[in-house]
Amino acid sequence: MTFDFEAPSSASTLASSRLLAPLNEEQLKAVTLPAEHALILAGAGSGKTRVLTTRIAWLLQTGQVTPGGILAVTFTNKAAKEMVVRLSAMLPVNVRGMWIGTFHGLCNRFLRAHWQLAQLPQTFQILDTQDQLSAIKRLCKQFNVDEDRFPPKQLQYFIAGCKEDGQRAADVPVRDDETRRKVEIYQLYEEQCQREGVVDFGELMLRSYELLRDNAHVREHYRRRFRHTLVDEFQDTNKLQYAWLKLLVGLPGEGSGGAILAVGDDDQSIYAFRGARVGNMADFVREFQVQHQIKLEQNYRSYSNILDSANELISHNKTRLGKTLRTDQGAGEPVRVVESVSDFAEAQWLVDEVRQLVKQDDFERKEIALLYRSNAQSRVLETALFNAGFPYRVYGGLRFFERAEIKHALAYLRLMENPNDDTSFLRVVNFPPRGIGARSIEQLQDVARAAGCSLHDAVSATTGKAGANLAAFVAMVDVLREQTAGKTLREIIDLVIDKTGLVNHYRAEKEGADRVENLEELVNAAESFVTQEGFGRSAVAMPQGSLGLTQSPASQGLVGDAADAPVDEFSEDGVTMSPLAAFLTHAALEAGDNQAQAGEDAIQLMSVHASKGLEFDAVFITGLEEGLFPHENAMNDFDGLEEERRLMYVAITRARKRLYLSHSQTRMLHGQTRYNLKSRFFDELPEHCLKWITPKTAGFGTGVGSGMNAGGWTNTPAQNRQARPAWGQSSLSTETYKSPPVPVQKAAPEHGITAGKQVFHTKFGEGKVLAVEGTGTDARAQVNFPRHGIKWLALSVAKLTLV
DNA sequence: ACACGATTCGTTTTT
DNA sequence: CGAATCGTGT
């Protein structure tokens, strides 16, 4: 094996070979690429993180770069943290010198260092999604925006979308009145944020982008510094993030920039709905004239029945770069396919199967995942698991720093840092209640508006009893600020939650025990944030010179930055962050875990989206039905179905040993029973990898009523409680281990319209019935008309005739 | 200011 | 069906 890097010392050759030994040929090639732009197409389970971290380690080990020359970008804090952990396990390097973090974390770091250039207050605060929404609502009220015509949620979506595309209000093309108004509001929102000294997530990116765009010397500084930029999950980057990378590194011919190593998998692009642009991969190859493209197709996770299923499914997508996973692990068990009569039955069956997995097959509970397309589906599963006494853990709820009581406490802390933060001001000005009602606040807002100042500054100009109460509130915050000067973070937070009356307020509430506990937990979180400082801080701008390059040019120890330009904007001011400021940033950028269920060995429940990047010994993909998965709402945009298929691909490739695919004939949705066809994805899987293990019972009449069916599961009372239409005798096969017959009669028969049938509509013409739901006058049918698309039609209204 | 009925509206989500 | 929000009444 030959390496084309500069002659290393014998010691580092040894060390390198130790690093490189566990790699396969593809991985090795990727890790030891020359310092040029490269794209790694890393299939699921192909050792992507290993390549990324080994690449960094190898670059350092062979002396090609110093820690300061490394920039590694990820999407989640978890991924960033994992990279740091694995890297430090690989070699004793100063991880601190490197910039490893999320896009937003790194942008925050930029803006903290260059707050003046970015025209931000030094103490700017970060709005999370909730804060942003409430800021928009407030704005709408102030400017009398019709909230029916312009729902705040939609405005939020609009603004975030603009920023993801790198557009300021002035850049948005206006086609119609509605857009014009939205853009106006966007502009007003921007002004409000600027006045209050707050930035939302999109703004962190956009402001950082503009900073680089508009300041050539800053841009040059970073381009010279970062010799190697590594981007994880590149398929998830949006337009702005890619533009940011282009500025930060520079296109070929633009001089001093380093090399980008982008790692991604177009088949796992499942975030187009929030602005991700898979096209960035192709653009990257073109614009950076990428000469090195490597596919990692060796999978170390799953048996081939699982992998072949994934391969076959994804091959139905038209727009892909093309990639086929392979494994040496042998076929393994077949993929099991299960059909249930109802979502309750499905849940019950899952519970029984899980029990068997644990009892007989020695699966650990935490190695079993139940996946679903939408979070609403977790409820039935939870109920069944709960009744069976199984410990389980649901991902995707409120996270720690998003809880109301925590946000209240943080709002006080933020006000101490930045009194102009009106969002925080309004959150706690009357919480706990201190006699400042809506009337007083309106009055205050009028004053603030007239004076063009923050609510905090307007207080002194407010008179009367309201004025006195407000003055008292402001005084309290001011006193807290003074009292906590020089105190430790723990002491500060202790003092705040006590003196503001937060803890007492929740103590007095009958349901408040959890909230008190959470507030105490906040104190602990602060404590460990301070003591662990230096670990897991990758996404956070940290105090005291950890931002090497932001030191003044005269100072020593700039890593990886030999030729330093005299840039006086790089003041040390942005670097000296108080522990409190750092903690607030941490809270905003890292919302924390959602309640860890006591670290128990528990079954894992999560949406397919949330499962990306994880793996389990056994995976159940539930609710594989038309309309649900693929989701009906996804069928509107043209890439919708393909993204659903990628989602399914992600789900399948989570499984190591055993995979179950489950669908149900009926499902409760919005309080109504829906009759669904099984997902089209079943037709896209290789027959020989599958095994149908649901007995093909004769529909509801016998299968449910008999209490026990051929599959061996017992019906619960819950199932029997379910109202059910009278089913026509269906001629379902009773064979157990065979492919299922084509979708059978699955609709209430009274109108004769059933899923799968061809119907005729006077206006839309001929179409195929996809689903039928409801009964009597509520009955609706979902019909796919070739010319007019998929429509829901009320059977009592629409004239549908069977063809 | 708050509590309680009425109503509305239901993908996916990280930062 | 169930949550989250809304509006009215005390």
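We use all heavy atoms of the structure for the numbers below, so side chains are in, but hydrogens, waters and symmetry mates are not.
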*asked:* Is it the case that the ring center of A:Trp115 lies less than 6.0 angstrom away from the ring center of A:Phe110?
replied: no

*A:Tyr506 vs A:Phe431 aromatic rings, parallel, tilted or perpendicular, using cut-offs 30° and 60°?*
tilted

*Check every strand shown and say whether A:Phe75 touches a base, only sugar-phosphate, or nothing at a heavy-atom separation below 4.0 Å.*
sugar-phosphate

*Indicate, with a heavy-atom threshold strictly under 4.0 Å, whether A:Asp128 touches base, sugar-phosphate, or nothing.*
nothing

*Do A:Gln445 and A:Lys141 have side chains that get closer than 4.5 Å, going by heavy atoms?*
no

*May I ask you to say what A:Phe103 touches in the nucleic acid, namely base, sugar-phosphate or nothing, with a heavy-atom cut-off under 4.0 Å?*
nothing

_More than 12 heavy atoms of other groups within 6.0 Å of A:Lys239 NZ_ = no

*Considering heavy-atom distances to DNA chain B, does A:His670 or A:Pro433 have its closest nucleotide positioned more toward the 5' end?*
A:Pro433

*asked:* Work out how far the C1' atom of C:dA3 is from that of B:dT14, and round it to whole angstrom.
replied: 23 Å

*Hey, does A:Leu127 reach any base, or is it just sugar-phosphate, or nothing, if we go heavy atoms under 4.0 Å?*
nothing

*asked:* Return the CG to CD distance between A:Leu677 and A:Gln665, rounded to the nearest 0.5 Å.
replied: 10.5 Å

*C1'-based separation of B:dT11 from C:dC6 [nearest Å]*: 24 Å

*Quick one: how far along DNA chain B does chain A reach, first to last nucleotide 5' to 3', anything under 4.0 Å to a heavy atom?*
B:dA1 to B:dT15

*Taking the six-membered ring where the residue is Trp, are the ring centres of A:His609 and A:Phe273 under 6.0 Å apart?*
yes

*Counting any heavy atom closer than 4.0 Å, what does A:Ala591 reach on the DNA or RNA strands: base, sugar-phosphate only, or nothing?*
nothing

*B:dT11 pairs with which nucleotide, Watson-Crick or G-U wobble, both distances below 3.5 Å?*
none

*asked:* Before you tell me yes or no, could you show the steps for A:Asp266 and A:Arg320 under salt bridge (charged side-chain N to carboxylate O under 4.0 Å, His left out), namely the whole-Å CA-CA distance, both residues' side-chain angles and the distance that decides it to 0.1 Å?
replied: CA-CA 7 Å; A:Asp266 54 320; A:Arg320 1 179 359 229; 5.1 Å; no

*Measure from NZ or CZ of A:Arg680 to the centre of the six-membered ring of A:Phe682 and say whether it is under 6.0 Å with the direction within 45° of the ring axis.*
no

All N/O pairs under 3.5 Å across the protein-nucleotides 3-10 of chain C interface:
residue: C:dA3; atom: OP1; partner: A:Arg379; partner atom: NH2; Å: 2.9

_Most 5' of A:Ala438 and A:His609 on DNA chain B, judged by nearest nucleotide_ = A:Ala438

_Please enumerate all residues that pass side chain to side chain contact (heavy atoms under 4.5 Å, CB included) together with A:Arg274, with sequence neighbours excluded._
A:Tyr271

_As a test of the definition: with a 90° window around 0 for syn, would you call B:dT11 syn or anti?_
syn

